[in-house]
*Asks:* 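Structure below; questions to follow.
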2 protein chains.
Amino acid sequence: MNHIKNRIIDAAEKRFSQYGFRRVTMDDIASDLGISKKTLYLHFKSKEDIAWAVKERMHKDIGRLLQKAKKEIPDPIERFKKIIAEVTSRVSIIGSTFMTDIKKDIPDLWRECESFREKEIYKYIGGILEEGVRKGKIRKDIDTKIAVMAYLGAIKMIIQPDILMENQFSIEDAFDNILKIFLEGIQK
Amino acid sequence: MNHIKNRIIDAAEKRFSQYGFRRVTMDDIASDLGISKKTLYLHFKSKEDIAWAVKERMHKDIGRLLQKAKKEIPDPIERFKKIIAEVTSRVSIIGSTFMTDIKKDIPDLWRECESFREKEIYKYIGGILEEGVRKGKIRKDIDTKIAVMAYLGAIKMIIQPDILMENQFSIEDAFDNILKIFLEGIQK
DNA sequence: AACTCTAAAAACTTTTATAGTTTCTTATGA
DNA sequence: TCATAAGAAACTATAAAAGTTTTTAGAGTT
């Protein structure tokens, strides 16, 4: 079955998001899945390969999502909410160790990730906010790009497993709270 | 002169904040300061030692700051502003690679950092917000701890050198924007 | 101008981590 | 019962980096 490949990408994505590229070993990924390294190397020829696969899938998924929302949700604030809810968990790689790792180790991959972040994420989400500004729904004394980064940073902080574990609140509560603060903060 | 020790701690703190513990080499630190490894080992017996020293100094500094603000600024929102402005740059280690690194490599140090974060940072800053809630200045439908974490996460995202570099805005602008959004978002 | 002390530069050794490979074992199913 | 597939685990090769030693250079001293 080919869908083992997807499970490998799942596991790798999780690990990479939390620990970066270097710190994650092939043994880690294998043992997460209860498979052997042998099987791992059956499906991917190297660790680098896995990183590329993770990136590919993530970017495809996010790209599709953004296109879909663009068509289906006209109100910028509603669109923002929707996208954030779905994209958030996938962008935990932004500004993480993973990026600093691959900057040195797989510079080609790094460049593609950077450009995707810049062009797709910031430009797109920032664009939504700007639309909100034009429509008079969002205050115009804030920089939309900074706002997006701030929001993503807030989410990133919360979804860290370590952080989540030692607190009593659920991730949904947290998302909710942050959205509340943020929406209230940016709206006119 | 003993103040070379402080310069070493400075350099290490910077590196550790950005890259974590593992990724930073003794050569990195030495070359940042234009000194030799020999001199490094003259002042600290190991890399671990330096990490402890960084932690010690940081926690002392922050502790002093918090105590001082407690005495001198009665209004919770003003106090929050003041503390955030000064503490922010020092807590970039929270939720960073440094923490995940030392969790494995120097567990004792990790525990002390975690407990400091929990007891001093979140409890203290969260306490300010709760005071604000009691005084009716801050809305009570948000979890103060989540709010603090969100805020710190937002800052953390912004102050990353990589992120700062490729954007046109200054760090002061960014702080300003975030504070605006956040204060607007949490106030009644 | 030779002398000394200090610290940088750089070469070196040793340890450790881990990517990738191989071998051995076990289970499944034809 | 044999063949294939996959896990477990041992193994190898290599690279990175901690820590040490040696060499070089310069600033101040007699």
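Every chain is numbered from 1, with letters handed out A, B, ... down the list of sequences.
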*Asks:* Expressed in angstrom and rounded to an integer, what is the separation of B/Ile50 atom CD1 from D/dA17 atom C1'?
*Replies:*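 To the nearest whole Å, that distance equals 14 Å.
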
*Asks:* Starting at atom CG of B/Leu40, determine the distance to atom P of D/dT21, rounded to an integer number of angstrom.
*Replies:* 16 Å

*Asks:* Write down the distance between OH (B/Tyr19) and P (D/dA17), rounded to a whole number of angstrom.
*Replies:* 13 Å

*Asks:* State, to 0.1 Å, how close B/Ala150 and A/Ala154 come at their nearest heavy-atom pair, and which atoms those are.
*Replies:* O-CB, 3.4 Å

*Asks:* Would B/Lys47 count as a cation-pi partner of B/Phe21, with NZ or CZ less than 6.0 Å from the six-membered ring centre and within 45° of the ring normal?
*Replies:*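 The answer is yes, since B/Lys47 meets both limits relative to B/Phe21.
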
*Asks:* Applying side chain to side chain donor-acceptor pair (under 3.5 Å) to A/Thr100 and A/Thr97, what does each step give before you reach the verdict?
*Replies:* CA-CA 5 Å; A/Thr100 49; A/Thr97 319; 5.2 Å; no

*Asks:* Strictly under 6.0 Å, is that where the ring centroids of B/Tyr151 and B/Phe80 end up?
*Replies:* yes

*Asks:* Please report the distance, rounded to the nearest Å, between CG in B/Asp101 and C1' in D/dA17.
*Replies:* 14 Å

*Asks:* Round to a whole Å and report the spacing from CD1 of A/Ile4 to C1' of D/dG7.
*Replies:*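 To the nearest whole Å, that distance equals 12 Å.
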
*Asks:* Answer yes or no: is there an ion pair linking B/Arg64 with B/Asp61, defined by an N-O contact shorter than 4.0 Å?
*Replies:*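 Yes, B/Arg64 and B/Asp61 are salt-bridged.
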
*Asks:* If every non-hydrogen atom of A/Ile163 is compared with every non-hydrogen atom of A/Asn167, which pair is closest and at what distance?
*Replies:*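 Heavy atoms only, the tightest pair is O-ND2, 2.7 Å.
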
*Asks:* Look at A/Glu112 together with A/Lys55 and state whether they make a salt bridge at an N to O cut-off of under 4.0 Å.
*Replies:* yes

*Asks:* Do A/Lys5's NZ or CZ and the ring of A/Phe44 fall within the cation-pi criteria of under 6.0 Å and 45°?
*Replies:* yes

*Asks:* May I have the distance from B/Lys47 (atom NZ) to C/dT15 (atom P), rounded to whole angstrom?
*Replies:* 18 Å

*Asks:* What is the distance, to the nearest angstrom, from the OH atom on A/Tyr41 to the P atom on C/dA19?
*Replies:*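 From A/Tyr41 OH to C/dA19 P: 6 Å.
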
*Asks:* Strictly below 4.0 Å, heavy-atom distances to any atom of DNA chain D: list the hits from residues 20-33 of chain B, or just say none.
*Replies:*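 Within residues 20-33 of chain B, the residues near DNA chain D are B/Val24, B/Thr25, B/Met26.
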
*Asks:* Starting at the 5' end of nucleotides 6-12 of chain C, put B wherever the base has a protein heavy atom under 4.0 Å, S where only the sugar-phosphate does, and a dash everywhere else.
*Replies:* -SBB---

